[in-house]
Amino acid sequence: MEDHFFRSTERQEKLRFALALRKRKSDRAPDTRVPHQLPTRRALPRYLAIAASLIAIAGLGFGVWRLFVYQQDLERGLVALHSAFREERPIEARLSDFNYAPVANQRGLSARVDYVQRDLAASLLLKEVAEHRTAASLHALGQYYLAGREFDKAVDQFKSALALEPQNSKIHSDLGAALMERGKLHLRDSEQGKGIEEFAEGLAHLTKALELVNPPLEALFNRALIYEQIALPAKAEEDWRR
């Protein structure tokens, strides 16, 4: 503060004047000192320290407030997303932290999806990723795309989130689910080779999720689905029983 902000004589004079006004106002008894006595040059560093502390406290308070608002918006987006798909899930795989809902019996989104909540989730989560590109916001946006069957976008968001938090078991689980669902589409479109590659990559991420701390149960569920897809019924049965 002293080396930069208060380097100029003009700012030093303004600080002395402001401190003198505050002192004058706070004194109830008549001031017996010399009128308009200002801080001396020797006393100035003490006031600079006070000013620096006040600025630091104000900055910290703003940071805490902004972090709270950010977390609140992210949480609101996730609540809206969960609410949109509370009656059924549009894909066979399960997303981490979502309550169980039966899978839809048709391709695409059905009438049982709450479109208002889905669109609200899109608005909040897109805004958060644009303003705060964190692993949590990228993961949440990836879940939105996965629930909407936009698998390419979901995979991109999950991989970006993993680049920031490579040991996050839930991101690995959801990325594995997205790769599996995209692989199933490739099999239907006669791109079997590409579909098998997606299954292999998805299986690797699901297995990684189960090796990390606090593995989500959804990873075990989704891995069993992949084992069924690649005709390994014994391994699928083992995961189902677990």
Where do Gln167 and His172 land on the side chain to side chain contact (heavy atoms under 4.5 Å, CB included) test, with the steps shown first? CA-CA 8 Å; Gln167 302 301 311; His172 277 288; 5.9 Å; no
Transitive ILVMFWY side-chain link [X] to [Y], under 4.5 Å:
X      : Y      : result
Leu175 : Val213 : no
Ile91  : Val113 : yes
Val155 : Leu81  : yes
Leu232 : Leu187 : yes
Leu225 : Leu146 : no

Inter-residue atom distance [X].[atom1] - [Y].[atom2], 0.5 Å rounding:
X      : Y      : atom1 : atom2 : result
Leu138 : His132 : CG    : NE2   : 12.5 Å
Met180 : Phe151 : CE    : CZ    : 9.0 Å
Ile226 : His205 : CD1   : NE2   : 10.5 Å
Tyr227 : Leu203 : OH    : CG    : 4.5 Å
Leu220 : Arg241 : CG    : CZ    : 13.0 Å
Leu141 : Arg133 : CG    : CZ    : 9.5 Å

Quick one, Arg76 with Asp73, criterion side chain to side chain contact (heavy atoms under 4.5 Å, CB included). Give me CA distance, side-chain angles, the key distance, then yes/no. CA-CA 5 Å; Arg76 286 176 58 210; Asp73 286 346; 3.5 Å; yes
Looking at Phe158, Tyr145, Tyr144, which one forms a ring-ring contact (aromatic ring centres under 6.0 Å, His included) with His139? Phe158
Would you say [X] and [Y] make side-chain contact, with heavy atoms under 4.5 Å?
X      : Y      : answer
Val129 : Leu125 : no
Arg86  : Asn99  : no
Lys153 : Asp156 : no

Donor-acceptor under 3.5 Å ([X] side chain, [Y] main chain):
X      : Y      : result
Arg112 : Glu87  : yes
Ser173 : Ser169 : no
Ser137 : Thr134 : yes
Arg182 : Leu185 : no
Ser83  : Val79  : no
Glu181 : Arg149 : no
Arg223 : Leu206 : no

Asn168 and Glu165: side-chain donor and acceptor closer than 3.5 Å? yes
Would Gln117 and Phe85 count as a side chain to side chain contact (heavy atoms under 4.5 Å, CB included) here? Give the steps. CA-CA 9 Å; Gln117 291 297 315; Phe85 297 96; over 6 Å; no
Between Lys194 and Glu198, does a salt bridge (charged side-chain N to carboxylate O under 4.0 Å, His left out) hold up when you go through it step by step? CA-CA 6 Å; Lys194 195 169 184 179; Glu198 300 275 18; 5.6 Å; no
If the plane angle is over 60° it's perpendicular, under 30° parallel, otherwise tilted; pick one for His82 and Phe98. tilted
Check ion pair [X]-[Y] (N to O, under 4.0 angstrom):
X      : Y      : result
Lys159 : Glu201 : yes
Glu131 : Lys127 : yes
Lys170 : Glu218 : no

I need the single residue from Leu95, Asp97, Asn222 that forms a side chain to side chain contact (heavy atoms under 4.5 Å, CB included) with Asp174. Which is it? Leu95
What closest approach, in Å, do [X] and [Y] show between heavy atoms, and which atom pair accounts for it?
X      : Y      : answer
Leu164 : Ala135 : CD1-N, 3.6 Å
Ala104 : Pro90  : CB-CA, 4.3 Å
Ala154 : Gly142 : CB-O, 3.6 Å

Before you tell me yes or no, could you show the steps for Leu124 and Leu74 under side chain to side chain contact (heavy atoms under 4.5 Å, CB included), namely the whole-Å CA-CA distance, both residues' side-chain angles and the distance that decides it to 0.1 Å? CA-CA 7 Å; Leu124 291 169; Leu74 180 61; over 6 Å; no
